[in-house]
Amino acid sequence: MIGLRRLRLGYNQSRRSVLSPLASTLRVSATTSTMSFNSHRNVSVAVVGVGLVGSEFVRQLRALPSQHPFRLISLSSSKATVFNPDGIPPSADWRALLRASATTATATGTGTGTGDLVNKLTPLVRDDNAVVFVDNTASASVAELYPALLRAGVHVVTPNKKAFSGPRTLYDQIVAASREGRAKFFHEATVGAGLPVLSTLKDLVATGDKVTRIEGVFSGTLSYIFNEFSTGSADGPSFSTVVRTARDKGYTEPHPADDLNGADVARKLTILTRLLSNPNPDHIPQPPLLPDGYASVPTLSLIPPTLSLSSVPTGDAFLDALQAHDAHFGALRAEAARQGQGGRGAVLRYVGVIDVNPENGSASVKASLEQYPATHPFATSLGGSDNIIMFHTERYGARPLIIQGAGAGAAVTAMGVLSDLLKLA
């Protein structure tokens with residue numbers, strides 16, 4: 001039996017219970033302890049990217065009950081591809097098959113035949129057989145394949161943010177191709193990993209609610225850093241020490257500047273903003289918000305402007321140089337502590353904010369470092385590298401809907417990808 005854990009979301013006085021993303025796709029019987037799928041067709045699955053998230057996705061897919069409709073037909077790494085239209089046997093050692101394969105992984109866009117996999121998948125699209133391209137990479141080249149895949153009737157499922165947060169031209173091509181090929185694209189895991197962030201936003205908009213503000217801690221890395229650095233006190237560990245600890249624990253990229261520049265938060269804000277104006281992929285949204293994608297989002301970089309990245313090419317060199325700026329961040333923490341009330345200082349949190357004008361649907365978007373009272377959920381509810389997202393809407397009034405939980409990690413990200421795949425069963 002599948003256990004569906006109910007998540008308590010929001011302030012203590014305002015909660016919304018949400019079922020796991022799997023619940024909307026599966027029918028669960030408590031009396032028979034069985035799982036049944038809504039569709040009678042087969043679903044051929046081609047996976048590109050078998051790193052941490054990709055390999056965990058394959059493990060979770062193979063762990064589904066044996067009666068599921070999915071047939072894994074292709075696996076691509078950066079070096080090789082295994083393709084079998086009849087399905088890769090569930091008992092096969094797929095890693096060994098990849099090592100033994102002499103087929104170049106052209107689907108990654110690193111070779112000259114980037115359309116090879118598209119050409120192989122297209123003939124498999126039939127009324128009784130859906131085909132799904134699962135992109136577990138962070139590759140812009142792979143993302144550029146989405147329009148051709150969708151136009152050919154191949155569905156796309158991915159945690160890859162590049163296609164949905166980059167230039168508006170590619171995003172519009174994806175929407176148009178989805179409509180033309182009558183194929184769907186799902187990207188729940190691009191924001192919040194396995195958290196039901198995008199699906200919640202789609203439901204709010206599709207049911208007629210008016211979203212007025214979205215505010216959240218969208219980066220697990222920056223969540224951890226400021227949860228440790230800023231607790232409401234003027235004192236505490238130095239900023240560089242906290243960043244170094246975060247890297248040692250695996251929360252940051254090898255070069256922490258890739259997290260501190262705020263680009264990841266800007267990408268997630270772009271994805272949410274575009275869904276606000278286009279909750280239904282059957283039409284191209286108007287007006288064209290954020291034409292340059294995440295580059296259009298005003299973003300505060302936490303990299304000190306006097307710290308030249310060209311002089312610190314490695315993560316270790318960057319952390320060493322960051323120590324010279326600890327006083328600056330310490331002053332920001334002390335200033336926040338002075339702004340508190342009732343003897344409790346305010347805290348610093350790196351957040352993304354989307355403010356929506358309900359009259360015309362326009363939105364202002366920013367990623368920045370902000371102060372929050374010690375009683376705010378961003379100060380009291382966060383732990384470790386959690387994400388927390390607040391939806392302020394007309395229906396939820398003064399007490400917003402809140403989604404919180406692990407927003408990074410292979411297991412939860414792969415779960416988000418799998419939950420999207422299940423929607424196509």
| remark: Shortest non-hydrogen pair, Ala374 vs Gly345, comes out as CB-O, 3.4 Å
| message | Looking at every non-hydrogen atom in both residues, tell me the closest pair between Thr137 and Gly49 and how far apart they are. | response | CG2-CA, 3.8 Å
| task | Would you please indicate yes or no on a ring centroid separation below 6.0 angstrom for His255 and Phe318? | result | yes
| What's the verdict on side-chain contact (heavy atoms from CB on, under 4.5 Å) for Val365 and Val353, showing C-alpha distance, side-chain angles and the deciding distance? | CA-CA 6 Å; Val365 189; Val353 179; over 6 Å; no
| Crowded around Leu309 CG? As in, over 12 foreign heavy atoms under 6.0 Å? | yes
| request: Look only at the side chain of Thr122 and the backbone of Asn119, and say whether a donor-acceptor pair between them is shorter than 3.5 Å. | output: no
| Pairwise side-chain contact, Leu75 with Leu72, heavy-atom cut-off 4.5 Å (strictly under) | yes
| request: May I ask you to decide whether Asp93 forms a salt bridge with Arg95, counting only side-chain N to carboxylate O separations under 4.0 Å? | output: no
| remark: Between the OG atom in Ser101 and the NZ atom in Lys79, the distance rounded to the nearest 0.5 Å is 13.0 Å
| note | Applying side chain to side chain contact (heavy atoms under 4.5 Å, CB included) to Ala367 and not counting sequence neighbours gives Val265, Leu269, Thr299, Tyr350
| task | Check whether any side-chain heavy atom of Tyr224 lies under 4.5 Å from a side-chain heavy atom of Phe229, and answer yes or no. | result | no
| task | Assess whether salt bridge (charged side-chain N to carboxylate O under 4.0 Å, His left out) is satisfied between Lys162 and Asp135, documenting all intermediate values. | result | CA-CA 11 Å; Lys162 297 294 174 61; Asp135 172 21; over 6 Å; no
| field | Check against side chain to side chain donor-acceptor pair (under 3.5 Å), Asn42 and Asn129 | value | CA-CA 5 Å; Asn42 293 319; Asn129 188 78; 4.6 Å; no
| message | Rounded to the nearest 0.5 Å, what separates atom CG in Asp259 from atom CD1 in Ile303? | response | 9.5 Å
| request: Dump the intermediate steps for side-chain contact (heavy atoms from CB on, under 4.5 Å) on Val197 and Asn387, then the final yes or no. | output: CA-CA 10 Å; Val197 177; Asn387 283 183; over 6 Å; no
| Nearest-0.5 Å distance, CD1 of residue Ile389 to NZ of residue Lys268 | 8.5 Å
| message | Here's one to test your reading of the geometry: is the NZ or CZ of Lys120 within 45 degrees of the ring axis of Phe83 and under 6.0 Å from its centre? | response | yes
| said: Side chains of Val43 and Val132, heavy atoms from C-beta outward: is any pair under 4.5 Å? | reply: yes
| query | Regarding Ser76 and Thr81, is there a side-chain donor-to-acceptor distance under 3.5 Å anywhere? | reply | yes
| With distance as the sole test, does Thr413 use its side chain to make a donor-acceptor pair with the main-chain N or O of Gly409 at under 3.5 Å? | yes
| Main-chain N/O of Phe226 paired with Ser230 side-chain donor or acceptor, under 3.5 Å | no
| said: Any non-hydrogen side-chain atom of Thr375 less than 4.5 Å from a side-chain atom of Arg344? | reply: yes
| Where do Arg349 and Glu370 land on the side-chain contact (heavy atoms from CB on, under 4.5 Å) test, with the steps shown first? | CA-CA 6 Å; Arg349 295 294 182 261; Glu370 302 288 344; over 6 Å; no
| query | Heavy-atom distance under 4.5 Å between the side chains of Phe164 and Thr270, does that happen here? | reply | no
| task | Run the numbers on Lys249 and Ser385 for side-chain contact (heavy atoms from CB on, under 4.5 Å), then give the verdict. | result | CA-CA 11 Å; Lys249 290 186 174 184; Ser385 58; over 6 Å; no
| request: Kindly confirm or rule out a cation-pi arrangement of Arg274 over Tyr171, judged by NZ or CZ under 6.0 Å from the six-membered ring centre and within 45° of its axis? | output: yes
| query | Do the ring planes of His187 and Phe185 sit parallel (below 30°), tilted (30 to 60°) or perpendicular (above 60°)? | reply | tilted
| remark: Distance col, row Leu150:CG vs Glu180:CD, nearest 0.5 angstrom, shows 10.0 Å
| remark: Closest non-hydrogen atoms of Ser381 and Ile388, given as atom of the first, atom of the second and distance, are CB-CD1, 4.3 Å
| message | For a 4.5 angstrom cut-off between non-hydrogen side-chain atoms, does His155 reach Val131? | response | no
| message | Between Thr245 and Thr241 (side chain of the first, backbone of the second, donor and acceptor by atom type, cut-off under 3.5 Å), is there such a pair? | response | yes
| Minimum heavy-atom distance Asn160-Ser139, with the two atoms named | ND2-O, 2.9 Å
| query | For Phe391, is the NZ or CZ atom of Arg213 found under 6.0 angstrom from the centre of its six-membered ring and inside 45 degrees of the ring axis? | reply | no
| query | Do Pro147 and Leu170 come close enough that some side-chain heavy atom pair is under 4.5 Å? | reply | yes
| Got Leu204 and Tyr396 here, is their nearest side-chain heavy-atom distance under 4.5 Å? | yes
| field | side chain to side chain donor-acceptor pair (under 3.5 Å) assessment of Gln339 paired with Tyr372 | value | CA-CA 9 Å; Gln339 300 304 314; Tyr372 288 91; over 6 Å; no
| To the nearest 0.5 Å, how far apart are CG in Asp355 and NZ in Lys366? | 7.5 Å
| task | Step by step, work out the side chain to side chain donor-acceptor pair (under 3.5 Å) result for Arg333 and Thr231. | result | CA-CA 9 Å; Arg333 175 173 58 192; Thr231 61; over 6 Å; no
| query | Below 4.0 angstrom, N of the basic side chain to O of the carboxylate: do Arg71 and Asp86 qualify? | reply | no
| Given Asp420 and Lys423, is the salt bridge (charged side-chain N to carboxylate O under 4.0 Å, His left out) satisfied, shown in steps? | CA-CA 5 Å; Asp420 275 348; Lys423 295 168 188 171; 2.8 Å; yes
| task | Check step by step if side chain to side chain donor-acceptor pair (under 3.5 Å) holds for Thr207 and Asp209. | result | CA-CA 6 Å; Thr207 58; Asp209 202 355; over 6 Å; no
| Do Arg267's NZ or CZ and the ring of Tyr294 fall within the cation-pi criteria of under 6.0 Å and 45°? | yes
| Do you see a donor-acceptor pair shorter than 3.5 Å between the side chains of Thr158 and Tyr146? | yes
| query | Which value, rounded to the nearest 0.5 Å, describes the distance between Leu382 atom CG and Phe378 atom CZ? | reply | 7.5 Å
| request: Please report the closest heavy-atom contact between Ser178 and Lys184, naming both atoms and the distance. | output: OG-CA, 4.1 Å
| Checking side chain to side chain contact (heavy atoms under 4.5 Å, CB included) against Ser74, which of Val82, Leu117, Val134 comes through? | Leu117
| task | List the atom of Gln404, the atom of Asp386, and the distance in Å for their closest heavy-atom pair. | result | NE2-OD2, 3.3 Å
